[in-house]
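Take a look at the structure set out below.
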Amino acid sequence: MAQKKNIIDELEWRDAINQVTDEDALRKLTADKKISLYCGTDPTGDSLHVGHLIPFMMLKRFQLAGHHPVIVIGGGTGAIGDPSGRKDERQLQSMDQVKKNEDALTAQMVKLFGTENFSIVNNYDWLSKISLLEFLRDYGKLFNVNTMLNKEVVASRLENGISFTEFTYQILQSVDFLTLYRDHGVQLQIGGADQWGNITAGIDLIHKIEGPEAPVYGLTIPLMLKADGTKFGKTAGGAVWLDPKKTSPYEFYQFWLNTDDRDVVRYLKYFTFLDEDQINALAEQVKTDPGKRAAQKALAAEVTKFVHGEQAVEQAQHISDALFSGNLKDLTAEEIEQGFKGVPSMEVPNETENIIPWLVDTTKIEPSRRQAREDVKNGAIYVNGDRQNDLDYEIDPSASFDGKFVIIRRGKKKYFLARVK
RNA sequence: GGAGGAGUAGCGAAGAGGCUAAACGCGGCGGACUGUAAAUCCGCUCCUUCGGGUUCAUAGGUUCGAAUCCUAUCUCCUCCA
């Protein structure tokens, strides 16, 4: 079935391909043998986020089809800064920070790809060994400045200015591809749509050095846009991280669950390993019974499983049920910690207090007594899951959750967690 | 350097001596409906111990009474040099 398909056809069905350098040749190559392919990640942060999943899903599909993915951690290039997709110059990071980020990212990648039939390399290992004179003589000579200037990434920056440092980024990335081709037999580089210029620069370099017949290819992934035009991967709280300490599995699950109907099928194709039949069935349900959100639930479960594991999915579902049904009673302390990870929390003394000053002074949930009274009167305030509209209600922090927490909900889904001291 | 205009709540914008804690729109916050959606409808949107208190660039002044009139200061805009 789906798995029998050629990987390229499979990717096409999933709308996962933006541009390919030589589609027919690549289709034949991947059908005939197992290849090595790579994608680079610059260590600009201390955790991967859902944006990183875009190229990684692609690598994973190749891996599942028996090919060998290589991830290049840009310890070298990350020290320079990729101008792609940016309006202005990047702030250079300290080498120390780069190193820390590398370690954190490596650990996360191993979680996603395992250690079998997968490699992680760091371009610092080769880029740092090139001397300035070597760089200029061996590589600089092969790059035509006119060509470099014409790359969209550079051209778009010319008006506001671009430093020489960032200008040379495409040369470094080209050296990466060349090195991987020589030392690891890597024949394909993948990347986001904005990487096309950098990828083709690498192919050109290989062709110049290794001969025009060198079988190397490039493939880019379409830009992930949301139907409402905003950027994929951002929530009100910022980026959605893969590190469970930064974004809890519950929040992660919720991120996917909240996918717009118009985007969900596209995301199922791209971010899950469900096959064509399963996805078609879900797509049908989006049309016939959108309120059920079967597709969103499947998407959230699948992606959460891939990143955090089966158990995290069950927990996320349990927390979601409790929070959105308003029935908090059977949550465990651990689930509360997780479900309320991204929620404002505060410490409160274990003393009974009237609800109004408690909301305003003790917890700072409400900005003023006026507002607090209004919300209580309107039935906007829930204490431990129960609507509380009595202005004289006395909050007793020791009353529930073993006297550890008081959970306040304001409005439909705004939660606050008060930890009892 | 000269001439004019403008500064009002998170933003936009009315108000030109008392009826103004300040219309209206947006945004924000609630509620109803719903699919943890969209759209729609409704309420609230300076603080308060509900007596009142503090607001209309800032500081003074006139007046029984000022966002509204006067003076100075600051900031912004337009036109002329």
Side-chain angles (χ1 to χ4, degrees), chain A residues 50 225-237 240 247-268 281-304 313-328 330-331 335-336 338-344 353-383 385-394 407-417:
Chain A
V50 288
L225 273 181
K226 291 202 288 181
D228 63 11
T230 56
K231 212 172 160 191
F232 165 80
K234 290 272 190 284
T235 63
V240 179
T247 300
S248 72
Y250 160 73
E251 292 172 280
F252 188 84
Y253 176 88
Q254 283 288 323
F255 165 75
W256 295 100
L257 188 68
N258 281 313
T259 301
D260 194 295
D261 288 358
R262 293 169 293 178
D263 292 320
V264 70
V265 173
R266 202 156 48 89
Y267 287 5
L268 278 170
L282 288 166
E284 190 56 30
Q285 289 201 56
V286 174
K287 280 200 204 110
T288 55
D289 191 5
K292 212 167 179 184
R293 292 190 303 158
Q296 278 88 343
K297 284 176 183 164
L299 174 68
E302 285 298 312
V303 185
T304 306
V313 176
E314 282 166 28
Q315 227 169 21
Q317 286 168 338
H318 186 216
I319 297 169
S320 297
D321 288 347
L323 257 47
F324 290 97
S325 71
N327 183 13
L328 307 171
D330 55 319
L331 285 179
E335 284 172 331
I336 288 173
Q338 192 194 137
F340 292 85
K341 176 96 210 330
V343 143
E353 190 179 11
N354 175 268
I355 188 163
I356 301 300
W358 193 83
L359 287 173
V360 181
D361 304 327
T362 308
T363 61
K364 312 264 189 275
I365 288 170
E366 294 281 11
S368 73
R369 274 146 219 270
R370 219 221 89 254
Q371 182 77 47
R373 258 186 250 109
E374 180 190 319
D375 282 346
V376 171
K377 260 187 271 174
N378 287 342
I381 299 293
Y382 296 74
V383 179
D386 299 322
R387 179 174 262 174
Q388 190 48 256
N389 49 17
D390 177 6
L391 289 174
D392 295 324
Y393 181 73
E394 299 285 321
I407 296 170
I408 299 297
R409 174 177 142 207
R410 187 173 101 233
K412 238 174 176 171
K413 52 181 178 182
K414 236 167 244 151
Y415 279 92
F416 301 86
L417 179 66

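Everything quoted here is computed from the prediction, not taken from an experiment. The basis for the numbers below is simple: all heavy atoms, side chains too, and nothing from hydrogens, waters or symmetry mates.
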Length of the CD-P vector between A:Glu374 and B:G43, whole Å: 12 Å
Rounded distance (Å) that lies between atom P of B:A38 and atom CG of A:Asp263: 14 Å
Where protein sits on nucleotides 31-37 of chain B, one letter per nucleotide: B base, S sugar-phosphate only, - none, heavy atoms under 4.0 Å: SSBBBBS
Taking only residues two or more places apart in sequence or in another chain, which ones pass side chain to side chain contact (heavy atoms under 4.5 Å, CB included) with [X]?
| X | value |
| --- | --- |
| A:Asn354 | A:Ile356, A:Pro357, A:Glu394 |
| A:Val313 | A:Ala301, A:Thr304, A:Lys305, A:Gln317 |
| A:Ala322 | A:Leu331 |

Taking the [atom1] atom in each of [N] and [M], what is the distance between them to the nearest angstrom?
| N | M | atom1 | value |
| --- | --- | --- | --- |
| B:G52 | B:G17 | C1' | 24 Å |
| B:A16 | B:A22 | C1' | 14 Å |
| B:G18 | B:A67 | P | 10 Å |
| B:G25 | B:U62 | C1' | 36 Å |
| B:C74 | B:U58 | C1' | 7 Å |
| B:A66 | B:C56 | P | 12 Å |
| B:C47 | B:U55 | P | 16 Å |
| B:A23 | B:C70 | P | 25 Å |

Residues two or more places apart in sequence or in another chain: which of them pass side-chain hydrogen bond (donor to acceptor under 3.5 Å, both in side chains) with [X]?
| X | result |
| --- | --- |
| A:Tyr415 | none |
| A:Thr363 | none |
| A:Arg369 | A:Asp361 |

A:Asp261: salt bridge (Lys or Arg N to Asp or Glu O under 4.0 Å) partners, not counting sequence neighbours: none
Set of residues satisfying salt bridge (Lys or Arg N to Asp or Glu O under 4.0 Å) with respect to A:Arg410, sequence neighbours excluded: A:Asp375
I'd like a table of atom pairs between the protein and nucleotides 48-52 of chain B - only N or O on both sides, under 3.5 Å - with the distance next to each one.
residue, atom, partner, partner atom, Å
B:U48, OP1, A:Arg369, N, 2.9
B:U48, OP2, A:Arg369, N, 3.4
B:U48, OP2, A:Arg370, N, 3.0
B:U49, OP2, A:Arg373, NH2, 2.5
B:C50, N4, A:Arg373, NH1, 2.8
B:C50, N4, A:Arg373, NH2, 3.0

Contiguous Watson-Crick or G-U pair runs (3 or more, under 3.5 Å) in RNA chain B: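 Detected stem regions: B:1-7 with B:74-80, B:10-12 with B:24-26, B:27-32 with B:40-45, B:57-61 with B:69-73.
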Ring geometry between A:Phe232 and A:Trp256 (parallel below 30°, tilted from 30 to 60°, perpendicular above 60°): tilted
Presence of A:Lys414 side-chain N/O under 4.0 Å of B:C29 phosphate oxygens OP1/OP2: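 Checking A:Lys414 against B:C29: at least one side-chain N or O falls below 4.0 Å of OP1 or OP2.
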Pairs meeting criterion salt bridge (Lys or Arg N to Asp or Glu O under 4.0 Å) with involvement of residues 281-290 of chain A, two or more places apart: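 Residue pairs passing salt bridge (Lys or Arg N to Asp or Glu O under 4.0 Å), neighbours aside: none found.
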Expected output: side-chain A:Arg387 to main-chain A:Gly379 donor-acceptor under 3.5 Å: yes
Value rounded to 0.5 Å, distance of CG in A:Leu257 from CD in A:Glu251: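 Between atom CG of A:Leu257 and atom CD of A:Glu251 there are 13.5 Å.
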Syn or anti for B:G28 (syn when the glycosidic angle lies within 90° of 0):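 That one's anti.
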